[in-house]
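What follows is one structure encoded as structure tokens, with my remarks underneath.
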Amino acid sequence: MATVEPKLILLFSGKRKSGKDYVTDLIHQRLGPDVCCIVRLSGPLKQQYAQDHGLDLGELMGPGEYKEKYRADMIQWGENQREKDPGFFCRLAIKGAQQLIWIVSDARRLSDLQWFWREYPSQSRCIRVEASEETRRERGWEFTAGIDDAESECGLDQGVNFDWIIKNDGDGSQLEEQLATGLLSIAKEKAKEN
Ligand SMILES: Nc1ncnc2c1ncn2[C@@H]1O[C@H](COP(=O)(O)OP(=O)(O)OP(=O)(O)O)[C@@H](O)[C@H]1O
Ligand SMILES: C[C@@](O)(CCOP(=O)(O)O)CC(=O)O
């Protein structure tokens with residue numbers, strides 16, 4: 001099926017365990033699956049990596065510990081692909097998207113954002129999800145040299161003017177309010193436009 005031209009692309013980034021998946025799942029629920037879809041740039045990467053290495057794709061896609069054993073190697077594997085073709089995973093991840101709003105849950109590098117800015121200049125918006133180190137630790141994060149200080153985690157620490165910064169500390173009790181007044185109302189307006 002051909003990819004539908006989107007009206008809005010919400011590009012999320014954030015550190016490990018900041019809650020990118022949690023926040024994007026919440027937005028997906030609020031807008032509904034007819035209006036929006038979640039696009040994971042790591043989806044096609046993990047799919048191919050799981051196939052090549054005989055791994056459990058469901059576990060690689062989920063929030064648990066399993067994927068952490070393979071993270072460093074997956075990053076390396078993905079970077080080899082990106083060196084040849086920086087838009088490789090972006091193109092695969094959006095393929096066949098039918099909804100008018102795309103929620104990209106895991107932008108990590110300037111090259112990811114540049115690809116969307118180039119292909120969809122008027123629709124792309126950047127959002128940072130932030131949580132304190134204390135909160136991230138409570139969610140299972142532990143600093144790992146070679147991962148938390150590398151491009152995969154730090155590539156968007158500078159050089160991006162975020163359209164929204166979402167604070168997702170603790171149980172995220174301020175989440176609903178932050179989303180309702182900004183991003184969700186704009187997304188709902190876009191979805192109504194013809
Ligand atoms: N506001 C919240 N309330 C309760 N639990 C949360 C909240 N935000 C995140 N979590 C939980 O914290 C864990 C990490 O969140 P999530 O998987 O969304 O982070 P992530 O940024 O996608 O992490 P990673 O990139 O490391 O996979 C998950 O178990 C998730 O359910
Ligand atoms: C390999 C990688 O895609 C893993 C992402 O996993 P997750 O979004 O943290 O579940 C990170 C990367 O692309 O550098």
Side-chain angles (χ1 to χ4, degrees), residues 10-30 38-53 55-93 103-116 127-157 162 165-180 183-184:
L10 301 170
L11 295 152
F12 284 82
S13 69
K15 303 279 185 188
R16 287 204 289 147
K17 306 297 172 214
S18 58
K20 301 178 293 295
D21 285 326
Y22 186 93
V23 171
T24 50
D25 284 347
L26 186 66
I27 295 169
H28 186 241
Q29 278 171 27
R30 291 290 178 275
I38 294 187
V39 170
R40 295 192 205 290
L41 302 182
S42 60
L45 189 162
K46 289 177 178 177
Q47 203 168 359
Q48 191 60 48
Y49 187 87
Q51 199 175 313
D52 291 356
H53 297 81
L55 300 178
D56 183 330
L57 178 60
E59 285 287 341
L60 283 185
M61 296 295 288
E65 256 312 287
Y66 180 89
K67 66 183 175 188
E68 303 304 335
K69 264 190 291 186
Y70 305 102
R71 186 180 290 273
D73 197 48
M74 282 196 293
I75 291 174
Q76 195 49 56
W77 186 89
E79 279 175 1
N80 292 342
Q81 292 292 326
R82 283 178 161 109
E83 255 169 49
K84 290 180 241 162
D85 177 2
F88 183 75
F89 296 115
C90 299
R91 278 199 311 279
L92 280 178
I103 304 170
V104 178
S105 68
D106 56 351
R108 292 173 177 277
R109 297 166 174 83
L110 273 175
S111 64
D112 296 332
L113 298 184
Q114 281 160 351
W115 188 85
F116 281 95
I127 303 110
R128 187 71 162 176
V129 180
E130 286 186 355
S132 66
E133 290 199 351
E134 190 190 345
T135 295
R136 292 168 59 214
R137 258 186 228 108
E138 281 163 13
R139 294 175 186 158
W141 173 73
E142 244 177 81
F143 180 87
T144 310
I147 289 179
D148 291 298
D149 49 5
E151 193 192 4
S152 173
E153 291 301 310
C154 305
L156 301 178
D157 284 359
F162 290 104
I165 294 176
I166 306 287
K167 303 269 183 211
N168 181 33
D169 273 308
D171 64 358
S173 47
Q174 341 93 312
L175 255 187
E176 294 278 356
E177 199 185 321
Q178 294 176 75
L179 295 176
L183 196 156
L184 273 178

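Whatever order the structure lists ligands and atoms in, that order sets their numbers, starting from 1.
Scanning the protein heavy atoms around atom 16 (P) of ligand 1, the nearest turns out to be G19 CA, 3.7 Å. Considering only non-hydrogen protein atoms, atom 25 (O) of ligand 1 sits nearest to K20 NZ, 2.9 Å. Among protein heavy atoms, the minimum distance from atom 31 (O) of ligand 1 is reached at Y22 CD1, 3.7 Å. Nearest non-hydrogen protein atom to atom 14 (C) of ligand 1 is K17 CD, 3.7 Å. With hydrogens left out, the protein atom closest to atom 12 (O) of ligand 1 is R139 CD, 3.1 Å, a heavy atom. Annotation: atom 27 (O) of ligand 1 to nearest protein heavy atom, K67 NZ, 2.6 Å. For atom 1 (N) of ligand 1, the nearest non-hydrogen atom of the protein is N168 OD1, 2.8 Å. Closest to atom 29 (O) of ligand 1, if we only count protein heavy atoms, is P63 CB, 4.0 Å.
Heavy-atom separations between Q76 and ligand 2 are all 4.0 Å or longer. Within the structure, ligand 2 has K46 among the residues with a heavy atom less than 4.0 angstrom away. Put simply, part of R109 is less than 4.0 Å from ligand 2, judged by heavy atoms. Not a single heavy atom of R16 lies less than 4.0 angstrom from ligand 2. In this structure, M61 does not count as a contact residue of ligand 1, since none of its heavy atoms falls inside 4.0 Å of the ligand. Distances shorter than 4.0 angstrom occur between a heavy atom of S18 and an atom of ligand 1.
If you look at E68 next to ligand 2, there are no close heavy atoms at all, none under 4.0 Å. With a 4.0 Å heavy-atom cut-off, ligand 1 is reached by no atom of E138. Under 4.0 angstrom from ligand 2, the non-hydrogen atoms of K67 all belong to its side chain.
Ligand-side atoms of ligand 1 in range of R71: 26 (O), range being under 4.0 angstrom from any heavy atom. Those atoms of ligand 2 that come under 4.0 Å of a heavy atom in S152, given as number and element, are 11 (C), 12 (C), 14 (O).
Considering backbone and side-chain atoms alike, G170 places every N or O at 3.5 Å or more from each N or O of ligand 1. For a threshold of 3.5 Å applied to N or O pairs, the pair formed by K20 and ligand 2 contains no separation below that value.
By the 30° and 60° cut-offs, the orientation of the rings of F89 relative to W77 is tilted.
Nearest to atom 7 (P) of ligand 2 by heavy atom, out of R108, Q81, K17, E153, is R108.
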Query raised in the report: Do D148 and R16 pass the side-chain contact (heavy atoms from CB on, under 4.5 Å) test, and can you show the C-alpha distance, the side-chain angles, and the key distance before you say yes or no?
Result: CA-CA 8 Å; D148 291 298; R16 287 204 289 147; 2.6 Å; yes

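Each of D171, N168, D169 was checked for a side chain to side chain donor-acceptor pair (under 3.5 Å) with T135, and the lone residue meeting it is D169.
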